[in-house]
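Every heavy atom of this structure was used, including side-chain atoms; hydrogens, water molecules and symmetry mates were not. Just follow the structure's listing: the first ligand is 1, and inside any ligand the first atom is 1. Counting from 1, the numbers follow the sequence of the chain as shown.
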Amino acid sequence: MALITKKIKGTEDVLPKQSYRWQFVENIMREESRAYGFRELRTPVFEHTELFARGVGQTTDVVQKEMYTFDTKGGESVTLRPEGTAGAARAVLEHALENEGLPIKTSYFVSCYRYEKPQAGRLREFHQFGIEEYGTQSPVADAEIICLAQSVLDRLGLSDVHLELNSIGCPACRAKYNQALRDYFTPYREQLCTTCLSRLEKNPMRLLDCKSPEDHKIAEGAPKITDYLCEECEAHFAQVQKYLDSAGVTYTINPTIVRGLDYYTKTVFEFVTDCIGAQGTVCGGGRYDGLIEELGGKHLPSLGFAMGMERLLMVMDAQGVDIPQPAPCALYIAAMGDAAKIKAFSLLKEVREMGIPAETDVVGRGLRAQMKYADKLGARFSMVLGDNEIAEKKIKVKNMESGAQTELPLDDSFAEKFAGLVLETDADFGEWEDIPPEAINEILKKI
Ligand code: ATP
Ligand code: MG
């Protein structure tokens, strides 16, 4: 029979044999977020369209071309989130989180939806890990989030990803700069792409971000924002750099980075690599002091970044980073006969309760087929449970790699003794860090 449908273009499945890679990356992000004092915020996958129109900005590619927007049966316009910042800001405002004290430090994992041309590193559904910090103007905060991003990338084992830093100033310095850009680009009007032509009036800085090679070339000679920063923005930028220097974070100043979203002010940054082709930005972020006001709140300076999960995983692949696979099944219990199957099931529960992965037959295989399956699973130990073992209250546990057999009592102490066996053989089978440390402590206390 033919399949009735397949996945939608630009979306991807993460299969069970791949998901450990995602979990490895996500765990590091969770640990680093915690170390830096950020707590997770979860927001809905869809929001009222005007949130993104205002929050992301009317002149952005995202709002102009890329949003999945539709009317509900009730006639409301809703949009699948194209990014995580606007929803987070909405939630912070709606729940008045500023009353709980400043700064507010949140992290998120989101799926995002953008109607873009699917290609390597560019999907229609993709995933981001991000950080949002609200209620601080201080350059320490800028440096803090950049350090966090750097720590995540370091812990993922990535080299060859470099930090590019810029400041795009505040509305005051930007007014002058925008005029300088208009003056620069106007003589090239005929050569600019149509999107850039409309940007020239509304938001000329966006021209620096154009993907068209011709426009990119023209943009190379454009005036640099760093020459137009007001005193305060310049001082802020200098401070950010000082803090980064003190933390040993290296960067290049790149005055052409403007970021894709409208709400940025002052600091903007990207972590970029050359190793996965054209879509080499794995993390983008900066400061957006005007965003909360744009959404109807009081002035609450904020900043953050987002990392593209798929792109990060691509970089890890390209750089041959070895992601540790979770330990396979520790114990396979092959059971013969009805009584043994029932007994196996209760033993299994006790072993699993210690956090040790264990399996038995759930499809009705014969003994030989069960043993073959244990091998296929990569079980570290196996045992054959039949009427004899039940009668004698002891059982032989076989180390599948060395073939060595150890006899264990088949009573209430079985699970603990088996855990002891696992720990004893740790040196040979070194992947047991997957057992949570609390469980290991419990086991060690008992044996
Ligand atoms: P780009 O310049 O690559 O289009 P962007 O400026 O649109 O990126 P952001 O909105 O800042 O990207 O999103 C943050 C990160 O999310 C990007 O750096 C990238 O890693 C990832 N990302 C953005 N769009 C996509 C996509 N369509 N598919 C996969 N990852 C994406
Ligand atoms: Mg984009």
Side chain to side chain donor-acceptor pair (under 3.5 Å) assessment of Q179 paired with D183
CA-CA 6 Å; Q179 197 43 54; D183 295 345; 3.0 Å; yes
So for E83, does at least one of its heavy atoms come nearer than 4.0 angstrom to any atom of ligand 1?
no
Identify, with sequence neighbours excluded, every residue that meets side chain to side chain contact (heavy atoms under 4.5 Å, CB included) alongside M67.
T49, F52, V62, V63, T69, T79, P82
Hey, would you say the Y68 and Y115 ring centroids sit under 6.0 Å apart?
yes
Between E98 and K298, is the closest basic N to carboxylate O distance under 4.0 Å?
no
Between L123 and ligand 1, does any nitrogen or oxygen pair lie at a separation below 3.5 Å?
yes
Within-shell test, E310 vs ligand 1, heavy atom, strictly < 4.0 Å:
no
Heavy-atom proximity to atom 10 (O) of ligand 1, picking from M314, K117, R114, points to R114
May I ask which of F305, Y115, Y113, F126 has a heavy atom nearer to atom 24 (N) of ligand 1 than the others do?
F126
Give the single entry among R311, M309, E116, Q128 that approaches atom 16 (O) of ligand 1 most closely by any heavy atom.
Q128
Please work out which of G284, A278, G121 has its closest non-hydrogen atom nearest to atom 29 (C) of ligand 1.
G121
Please step through side chain to side chain contact (heavy atoms under 4.5 Å, CB included) for the pair E232 and F237, ending with a clear verdict.
CA-CA 9 Å; E232 190 213 323; F237 193 35; over 6 Å; no
Where ligand 1 meets V282 - atom numbers and elements under 4.0 angstrom, heavy-atom basis
18 (O), 20 (O)
Counting only heavy atoms closer than 4.0 Å, does ligand 1 sit against the backbone of R122, its side chain, both, or neither?
both
Backbone or side chain, does any N or O of Q279 fall under 3.5 Å from an N or O of ligand 1?
no
Any salt bridge linking K176 with D227? Criterion: basic side-chain nitrogen under 4.0 Å from a carboxylate oxygen.
no
Among T60, L312, T281, the residue with a heavy atom nearest to atom 17 (C) of ligand 1 is T281
We want to know whether E234 and Y228 form a side-chain donor-acceptor pair, criterion being a heavy-atom distance below 3.5 angstrom.
no
Measuring only between side-chain heavy atoms, which start at C-beta, is E270 closer than 4.5 Å to H162?
no
